[in-house]
There are 2 protein chains.
Amino acid sequence: MDFASYISGLVDGEGCFSVSFNFREKLKLKIEVRPSFSISQNKRNLSILKEVKEFFGCGSIRFSKKDQTYKYEVRSISDLKKKIIPHFKKFPLKTTKNKDFKEFSEICTFIFETKHRNKVYLENIIERAYEMNESGKRKYQKAKLLSVLDKMKI
Amino acid sequence: MDFASYISGLVDGEGCFSVSFNFREKLKLKIEVRPSFSISQNKRNLSILKEVKEFFGCGSIRFSKKDQTYKYEVRSISDLKKKIIPHFKKFPLKTTKNKDFKEFSEICTFIFETKHRNKVYLENIIERAYEMNESGKRKYQKAKLLSVLDKMKI
């Protein structure tokens, strides 16, 4: 068994690459960008998430009382750039999730290079992020984020 | 990428081992046993199911209009015994689905050896099958099947 290949199969089924946004007054552009890689599992399957966490050497596992699931999640941009993204470049996903991954990877590169502090790049990141995970729920509508950004005189 | 290991990861997320039952008057015990291994995917991801089908060299792919999904499925007991089960023995599942797989594997062995035509074995198969896939829907209640079997004078 090659565990690296196994993980790509598991993530094609159960993994999620997403970029969410929050309003933060203290930020120059008022909008915080939060990339996240996660895998959710029924609480019976905590052990596989522990194996994945050990394999990547980063991230954390949280329990959601509401869904009765455990979620392994990596939010650190440094870990995403250095550990998560290289893995899925070497062991590519085979479903349409690979399209999400590619967008995610480019957005993380922008953030890693602090380009998300530039209005034009942040607009581009918002547009791209809303193309991902078709069926996902969103805290804010894209138009709301873009209109806030549009008012910035930067 | 080791595709065999990838498949085990994918199946831990999206695969299903199940044993269903139907009433058939022409059968001695009136109950037909139908083992099935399947993977369902959104219609955008038909290509990965085609790769899996080619890898195993058996099974078929059907489209469900209702769910808008494609399902790769293997029902042939010979293919299950010779192609599917050996794969998951060599590349074991890592979630609780492996427990389902082990029950499935033993039930398939019984069927392969035609033991399901014996009342005691068929009772055992029904009991085991209803332990699998906790959350799954069933056409018939277990008690209904067992009561039909109980009336057989064999």
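Note: hydrogens, waters and symmetry copies are ignored here, and every other heavy atom, side chains too, is used. Lettering of chains follows the sequences in order, A, B, ..., and the numbering in each one begins at 1.
Checked against side chain to side chain contact (heavy atoms under 4.5 Å, CB included), B:S105 has the following partners two or more places apart in sequence or in another chain: B:I85, B:K89, B:F101.
In this structure, A:D2 contributes its side chain and B:M1 its backbone to no donor-acceptor pair below 3.5 Å.
Between B:N45 and A:T96, the closest heavy-atom pair is OD1-N, 2.7 Å.
When each of A:S5, A:A4, A:G13 is checked for heavy-atom pairs under 4.5 Å with chain B, A:S5 comes out on top. By number of non-hydrogen pairs under 4.5 angstrom with chain A, the leading residue of B:K90, B:Q41, B:E14 is B:E14.
Heavy-atom neighbours of B:K81 NZ from other residues, nucleotides or ligands within 6.0 Å: above the threshold of 12. The local environment of CD in A:E54 is sparse, with at most 12 non-hydrogen atoms from other residues, nucleotides or ligands closer than 6.0 Å. Within a 6.0 Å sphere centred on OH of B:Y121, other residues, nucleotides and ligands contribute 12 heavy atoms or fewer.
Residue A:L27 is not grouped with residue A:L146 when hydrophobic side chains (ILVMFWY) are merged at heavy-atom distances under 4.5 angstrom, including chains of intermediate members.
The CD1 atom of B:I7 sits 11.5 Å away from atom CG of A:D12, with the distance rounded to the nearest 0.5 Å.
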